Amino acid sequence: MLTKEMQNEILRLKKENDICILVHAYQSHDIWEVADYVGDSYGLSLQAARAPQKTILMCGVRFMAETVKILSPEKKVLLSNSQAGCAMADQLDVARLNELKNEYPDHTVVAYINTTSELKTACDVCVTSSSAPKIVKNIENDKILFVPDCNLGAWIAAKVPEKKFQFIDGGCPVHARITKDAVAEAKALHPEALLLVHPESLPEVTAQADYAGSTTGIMDFAKSSDAKEFIIGTESSIVQHLQFDCPDKKFYPLSKNCVCNDMRLTTLGDVYNCVKGTAGEEIELSEYVMKEARRCIDTMIELGK
Ligand code: 13P
Ligand code: SF4
């Protein structure tokens, strides 16, 4: 079967079977082309609650599918590939978080959305990279325990200097592979290019960026900018998507090592099998997790308005 033929079958089957396909921006372009919605973590979580279809297929990683299920409990939610996790989400469990809460009892616990839904049951609010500064500003308490990504946390702290932050030693191992030497090399090779990075990158990398923001933020910036060349400091799939969106501009990966194997797991074939009903993991969460993690996610949506 040719790519186009498989895509046409997916489009036909998703309609026939009343399936909404949500796609994170790091998925491959052939998957983007069959999506009902493509976006960053924040956009996906808002879209999940709005989708009219009975089944939602989440093409991304596990914590994203769990967020969709929590926001749409009455729907059937499928994760496109059951092996697709997030190395950062697995860094912190509830037992360790409870120890931290005992250490910092008067702090509001803010979790990056890249955490398990079980962890969210023990947090006050979660944030995404695109919503974090606004949400943290809207929290009444000026003491914040931010978990698990200390790099994203440092970026938020710089934008919300009126709050005091406690961090732990966590973060995205994929973005942590981007070194400041890579920035120097890329800038030397492409002196006219603007540097756009995801704030999961190390602070010494983010500090040199012309723009730092979520995957959608990076793409919107590149599309609306008058500049013609860009160095992209996030998962390298974004380089290809931007090249399709802006064929007259040039995009270079900041590091060829910035590849998330979990995000790359889902193939168009997986999507095809999911809409046929022969693949995909149905997300099931306990009543307790559905209720308590929802409180954390709803607070994010409320404070993000
Ligand atoms: P976004 O919220 O920017 O989509 O980021 C999700 C993610 O996993 C980045 O590594
Ligand atoms: Fe998780 Fe990092 Fe992959 Fe994003 S890029 S899904 S944070 S491991």
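Scope of the values below: all heavy atoms of this structure, side chains included, with no hydrogens, waters or symmetry mates. For ligands, and for the atoms within them, numbers begin at 1 and follow the listed sequence. Just so you know, residue 1 is the first one in the sequence shown, and it goes up from there. Predicted model, so just to flag it, every value in this text is computed and none were measured.
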Shortest protein contact, atom 4 (O) of ligand 1 (heavy atom only): His24 NE2, 2.6 Å
Test item, Met88 contacting ligand 1 (heavy atom, 4.0 angstrom): no
For Ser129, atoms of ligand 1 separated by under 4.0 Å from a heavy atom: 1 (P), 2 (O), 3 (O)
Heavy atom of the protein closest to atom 8 (S) of ligand 2 (residue, atom name, distance): Ala87 N, 3.7 Å
Main-chain N/O of Lys249 paired to Lys228 side chain as donor or acceptor, under 3.5 Å: no
Ser214 neighbourhood, listing ligand 1 atoms whose heavy-atom distance to it stays under 4.0 Å: 3 (O)
Side chain to side chain contact (heavy atoms under 4.5 Å, CB included) between Ile19 and Ile56, worked out: CA-CA 6 Å; Ile19 300 172; Ile56 298 182; over 6 Å; no
Selection from Met64, His198, His175 by shortest heavy-atom distance to atom 3 (O) of ligand 1: His198
Nearest protein heavy atom with distance in Å, relative to atom 3 (Fe) of ligand 2: Cys260 SG, 2.4 Å
Contact flag Cys86/atom 1 (Fe) of ligand 2, N/O/S atoms, threshold under 2.8 Å: yes
Glu118, CD: over 12 other non-hydrogen atoms inside 6.0 angstrom: no
Contact (N/O only, under 3.5 Å) between Asp40 and ligand 1: no
Any Cys172 heavy atom less than 4.0 Å from ligand 1: no
Glu103 atom CD, over 12 foreign heavy atoms within 6.0 Å: yes
Atom 7 (S) of ligand 2 - nearest protein heavy atom and its distance: Asn114 ND2, 3.1 Å
Verdict with supporting geometry, Asp18 and Thr55, side chain to side chain contact (heavy atoms under 4.5 Å, CB included): CA-CA 6 Å; Asp18 200 28; Thr55 300; over 6 Å; no
Test item, Glu235 contacting ligand 2 (heavy atom, 4.0 angstrom): no
Side chain, backbone, both or neither: the part of Asn114 lying under 4.0 Å from ligand 1 by heavy atom: side chain
Aromatic ring pairing His198/Tyr26, orientation class (parallel under 30°, perpendicular over 60°, tilted between): tilted
Enclosure of Asp169 CG (heavy-atom neighbours >12, cutoff 6.0 Å): no
Residue pair Tyr272 / Gln7, side-chain donor-acceptor N/O under 3.5 Å: no
NZ/NE/NH1/NH2 to OD/OE distance under 4.0 Å, Arg62 and Glu281: yes
Tyr42 N/O to ligand 1 N/O under 3.5 Å: no
Shortest protein heavy-atom distance from atom 6 (C) of ligand 1, along with the residue and atom involved: Ser41 OG, 3.4 Å
Sub-4.0 Å atoms of ligand 2 with respect to non-hydrogen atoms of Met88: 7 (S)
Atom 2 (Fe) of ligand 2 [closest protein heavy-atom partner, distance rounded to 0.1 Å]: Cys172 SG, 2.3 Å
Over 12 non-hydrogen atoms of neighbours within 6.0 angstrom of CD in Glu287: no
Protein heavy-atom partner closest to atom 7 (C) of ligand 1 - residue, atom, separation in Å: Glu200 OE2, 3.6 Å
Ligand 1 versus Met263: contacting region, heavy-atom distance under 4.0 Å: neither
Over 12 non-hydrogen atoms of neighbours within 6.0 angstrom of NZ in Lys276: yes
side-chain hydrogen bond (donor to acceptor under 3.5 Å, both in side chains) partner of Ser214, the single match among Asp40, Asp220, Thr128: Asp40
